[in-house]
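Report on one structure; see the data block that follows.
Counting starts at 1 for both ligands and their atoms, following the listed order. Side chains are part of it too, since the values below use all heavy atoms of this structure and drop only hydrogens, waters and symmetry mates.
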Amino acid sequence: MTLSVLSVASEAFPLVKTGGLADVVGALPDALAPHGVATTTLIPGYPAVGKAVKGTKVVRRWRDLLGVEARLLGARLGEHPLLVLDAPALFARAGGLYDQTDDWHRFAALSRAAADVAEGFDVLHAHDWQAALAPAYLRYCGTAQRRTASVMTVHNIAFQGQFGAEIFAGLDLPDEAYAIDGVEYYGGVGFLKAGLEAADAITTVSPTYAAEIREPRFGMGLEGLIDTRRDRVHGIVNGIDPAVWNPETDAALPSRFTARALGRRKANKRAVEKMFGLDRDDGPLFTVISRLTWQKGMDVLVTCLDELVAGGARLALLGSGDAHLEAALLAAAARYPGRIAVRIGYDEPLSHLLQGGADAILIPSRFEPCGLTQLYGLAYGCVPVVARTGGLADTVIDANEAALAAGVATGFQHGEASHHSLGHAIRRAIAAYARPDLWCAIQRNGMRADFSWSESGRRYADLYKSLTGTA
Ligand SMILES: Nc1ncnc2c1ncn2[C@@H]1O[C@H](COP(=O)(O)OP(=O)(O)O[C@H]2O[C@H](CO)[C@@H](O)[C@H](O)[C@H]2O)[C@@H](O)[C@H]1O
């Protein structure tokens, strides 16, 4: 029997991406198909999506979707069905995907549309706060004869969609929904909170993060709710999409390679050096590919750059984010020409080249629900140096004596994001790099580890089956 799932999110690779959410939403349909799950993805009709999708058909119209006219367009996401919410008053805008003054309206409409079409599906799967009202609409406004189960996935609990109480009237929910076990949140409206209350199951993107968010340090105010519903919380680690991230076939690499032919990575390293204007040498080359934010520990990285350069290493960084972090990183690059180079911006092909050419990737996150760049690093022989938190702790095996002896080490972990612990990890990586046999073994272990979606796809499928009584 095939289960049908409506996966709802604000972004999906390759149509529209600002971060890891898009990668996961884009990869899920292929990941779930082998387990008897047919996935339809629903995303907003931003201008970029309108340009990228072809051959759309109108499958539904709303005269009044939370006050605006809207259509649902049917198209394809790879081999799978895609639904695009075409609501020009909300989504036909220039600029970023988020941080518009009417975000509550835009994403409430996305969620409302999802709930309206959900009755045709066995499961509604909502991702992050932008889709989180969908389970709440199902709960409070469901008209379906057939009960649709709901799953709420948290990709990052720091982003909650919190708004003032005055928006409640515009949500078209019954008054009873404005309650402590409904959408009310600290005197306002909480989208993610509402989804976490209403969904039949909650998932997050690694087992360690699933445990962490039950604590105040990581739960960002939602720890009580998560703890109360802990029996319904599942940690399912992300996989990587082999059609997009495979060093044997990656068109963004000047030189493709395998675990057996690691020597071919050198041409990619030369290409990175050239592109970033770095000195050409065979010493260790670190990379960072990241949003430049406090979450990602980028302020801590800035404090370790003198040591990194003093240790004979170089850094090629790609990212964008907080202005003060961009400025601090650019200042470091100006201080160390040839040793540190910073590219401010977002560049998908360049991120592939960096993974295929740099020796190690630094990820000193303060918290990290799963993290994908360490998984791409593992697959590309770009050894991850990571903070021991969330999915980073679950996916990288520290090169300590025991792991090295057992031949399973895949990277380097450090304690909390601090100057001291990140500096120590960088020094350990530089020392290991000086021993080519050891370094190659660490690279190969990572490249041979299984980060495909197969196990995680099965876990999502099992969860859907248990919720729909088809297990
Ligand atoms: N400047 C740039 N140019 C090109 N590409 C860039 C880039 N900056 C980042 N990227 C890419 O964006 C993605 C970032 O994914 P992450 O999982 O590392 O973090 P993010 O915080 O966005 O995701 C959240 O959701 C995901 C998915 O569940 C979780 O893994 C994660 O922990 C959570 O914080 C990667 O594909 C990376 O290569």
What residue and heavy atom of the protein are closest to [atom], and at what distance?
| atom | result |
| --- | --- |
| atom 21 (O) of ligand 1 | Arg291 NH2, 2.6 Å |
| atom 22 (O) of ligand 1 | Gly20 N, 2.9 Å |
| atom 33 (C) of ligand 1 | His155 O, 3.2 Å |
| atom 2 (C) of ligand 1 | Tyr346 CD1, 3.4 Å |
| atom 32 (O) of ligand 1 | Glu368 OE2, 2.5 Å |
| atom 30 (O) of ligand 1 | Gly371 N, 2.7 Å |
| atom 38 (O) of ligand 1 | Thr373 CG2, 3.7 Å |

Atoms in ligand 1 with a heavy atom of [X] nearer than 4.0 Å:
| X | value |
| --- | --- |
| Gln295 | 34 (O) |
| Asp23 | 35 (C), 36 (O) |
| Gly319 | 1 (N) |
| Asn156 | 34 (O) |
| Tyr376 | 36 (O) |
| Gly345 | 1 (N), 2 (C) |

Counting N and O atoms only, with roles assigned by atom type, does the side chain of [X] sit under 3.5 Å from a partner on the main chain of [Y], one being a donor and the other an acceptor?
| X | Y | value |
| --- | --- | --- |
| Arg106 | Asp103 | no |
| Glu368 | Pro364 | no |
| Thr148 | Phe121 | yes |

What orientation do Phe367 and Tyr209 show, parallel under 30°, tilted 30 to 60°, or perpendicular over 60°? parallel
Short N-O contact, Glu197 and Arg229, less than 4.0 angstrom: no
Identify whether the distance between the nearest side-chain nitrogen and carboxylate oxygen of Arg335 and Asp306 falls below 4.0 Å. yes
At under 4.0 Å between heavy atoms, which part of Asn238 makes contact with ligand 1: side chain, backbone, both or neither? side chain
Heavy atoms only, cut-off 4.0 Å: how does Asp347 contact ligand 1, side chain, backbone, both, or neither? backbone
Pair Phe451 + Trp245: ring centers closer than 6.0 Å: no
Of Leu124, Leu192, Thr203, the one forming a side chain to side chain contact (heavy atoms under 4.5 Å, CB included) with Met152 is Leu192
Heavy atoms of other groups near His424 NE2, more than 12 under 6.0 Å: no
